[in-house]
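Letters A, B, ... are given to chains in the order of the sequence lines, protein chains preceding strands, and every chain is numbered from 1. For the numbers below, each heavy atom of this structure counts, side chains included, while hydrogens, waters and symmetry mates do not.
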Protein chains: 2
Amino acid sequence: MDNIRKYLNEFVTQSDQDWEIFSSKLVRVEFPKKSIILEKGKREKFLSFIAKGIVRFNIPKPDYDFTFAFAFENTFVSGYDSFLAKTPSLYNIEAISDCVLWRITCEDLETVYDSTQIGDRIGRKIAEELFLKKMKREMSLLEDTAKKRYLDLMSEQPQLIKYIPQKYLASYIGIRPQSLSRIRKEISI
Amino acid sequence: MDNIRKYLNEFVTQSDQDWEIFSSKLVRVEFPKKSIILEKGKREKFLSFIAKGIVRFNIPKPDYDFTFAFAFENTFVSGYDSFLAKTPSLYNIEAISDCVLWRITCEDLETVYDSTQIGDRIGRKIAEELFLKKMKREMSLLEDTAKKRYLDLMSEQPQLIKYIPQKYLASYIGIRPQSLSRIRKEISI
DNA sequence: GCAATCAATGAACAAATGTTAATTAAATCG
DNA sequence: CGATTTAATTAACATTTGTTCATTGATTGC
């Protein structure tokens, strides 16, 4: 749990008391590789901190499985839209590798928001952080070619390329696996 | 200013006292069509509510002008990344039509965050709202064709098509103006 | 370890979008 | 209004990505 506090401290300093209120709600859960952490159609009930592992956000479709995002160790993950709007999730969240999560329920988080000085601020900072990430991604999706997105991903997260199957990477980049193969071939030449 | 309070009330009910603290900081500013509200390279100092008009987010480039987002009446607008991280803005914000904004400075907003019960909650809700929008957009950019994005935009915001030059719409959709012309031609047939 | 399954590659052709350049239409400004 | 500038359209060709299908490579589970 120390990592969670460390992560939060980058955003905002909390009193020991507030941290106690928050951390007492956290529950440790393990998910084996390929298990589904959040199922499409169900409502997200948790905000989770990834202590170990990698997850993907995906929409299973008749023709193919659409992966649009990843989340990595030492970050928060949630079906945030479902969580916030209390609507059924539009996507799955799936463990790519064996994962360890620390989770807090929606209701408990509301309690934290209401009963601590700092709850809303943490929530604000997390939402702000998520927004900035999506904004960068929006620009990349509009401006860059698939090849550039792949090269960027390689240089920014080289270790991930090893653990994430290429078909998921391809989907994330916005192309088909065959096209990613083609790009990889070009690059290596 | 009533519209601002109305907008905020959809997120969170505020006490009259909190509203007074917040609204007393708001300053009305007009921007004529084509004027620059936030200049690339400068730091965003305001959170603004659009009382009237439409703005676009753009990056001016040697070869062409890249528009990646719009903001409309009765929503908040800001160079939020620059605002939050206190870094130079990566883009311009420009008035597409004559605009009326109500602005609060970064510093005043911090004061509101610190001196009201509700400041962080408003900030959280705004950031959450922005994040959800970007998430929907991410999926659309990955999944949909340019034609589908154009048709969606037409059905969701039909009035906008009238006011926003097509070259900006094309950029927003992720294609060149020539390609948008081609798509429009196909559709009308 | 082997069979079965799934992932990655490769090639040929189709579809979508980009690029360039010319033409027409619309907006702006005196 | 008329002249000038800017925006939108069109067309021809180039490039990128998608689609289909076959083949090879890697994993999984018994």
Exercise. For residues F76(A) and E129(A), determine if any side-chain heavy atom of one lies less than 4.5 Å from a side-chain heavy atom of the other.
Key: no
Quiz item: K34(B) near the nucleic acid: base, sugar-phosphate alone, or nothing, with a heavy-atom cut-off under 4.0 Å?
Solution: nothing
Quiz item: Atom CZ of R56(B) to atom P of dA7(D): distance rounded to whole Å?
Solution: 9 Å
Quiz item: Is the distance from OP1 or OP2 of dT19(C) to the nearest side-chain N or O of R176(B) less than 4.0 Å?
Solution: yes
Practice problem: State whether the distance check finds a donor on one side and an acceptor on the other, under 3.5 Å, for side chain R184(A) versus base dG10(C). | Solution: no
Quiz item: What's the shortest heavy-atom distance between A95(B) and P32(B), and which atoms?
Solution: CB-O, 3.6 Å
Quiz item: More 5' along DNA chain C: I164(A) or I183(B), using each one's nearest nucleotide?
Solution: I164(A)
Quiz item: Where each residue is assigned the nucleotide of DNA chain D containing its nearest heavy atom, which of S179(B) and Y168(B) is assigned the position nearer the 5′ end?
Solution: Y168(B)
Quiz prompt | d(CD, Q166(A); P, dA8(C)) in whole Å | solution = 5 Å
Quiz item: Starting at CD1 of I187(A) and ending at P of dG10(C), how long is that distance when rounded to a whole Å?
Solution: 13 Å
Quiz item: Does Q178(A) get its side chain close enough to the base of dT17(D), under 3.5 Å, for a donor-acceptor pair?
Solution: no
Quiz prompt | Whole-Å gap separating C1' (dT17(C)) and NZ (K148(B)) | solution = 19 Å
Quiz item: Just checking, is any N or O donor in the side chain of Y91(A) or D81(A) under 3.5 Å from an acceptor N or O on the other one?
Solution: yes
Quiz prompt | Nearest-angstrom distance from the residue atom CD1 of I96(B) to P of dA7(D) | solution = 12 Å
Quiz prompt | Atom-pair distance (CG on L169(B); P on dA7(D)), nearest Å | solution = 13 Å
Quiz item: Using a cut-off of less than 4.0 Å, is there contact between a side-chain N or O of K147(A) and OP1 or OP2 of dT17(D)?
Solution: no
Exercise. Examine the side chains of Y150(B) and R184(B) and answer whether a donor and an acceptor come within less than 3.5 Å of each other.
Key: yes
Self-check item: dT9(C) OP1/OP2 closer than 4.0 Å to side-chain N/O of K167(A)
Solution: no
Quiz item: So, Y172(A) and R149(A): side-chain donor and acceptor under 3.5 Å apart, yes or no?
Solution: no
Exercise. Could you work out which one of dT9(D), dT17(C), dA8(C) sits closest to the side chain of S181(B)?
Key: dT9(D)
Quiz prompt | Value in whole Å for how far the P atom of dT28(D) lies from NZ of K33(A) | solution = 5 Å
Quiz prompt | Spacing between R149(B) atom CZ and dT17(C) atom C1', to the nearest angstrom | solution = 11 Å
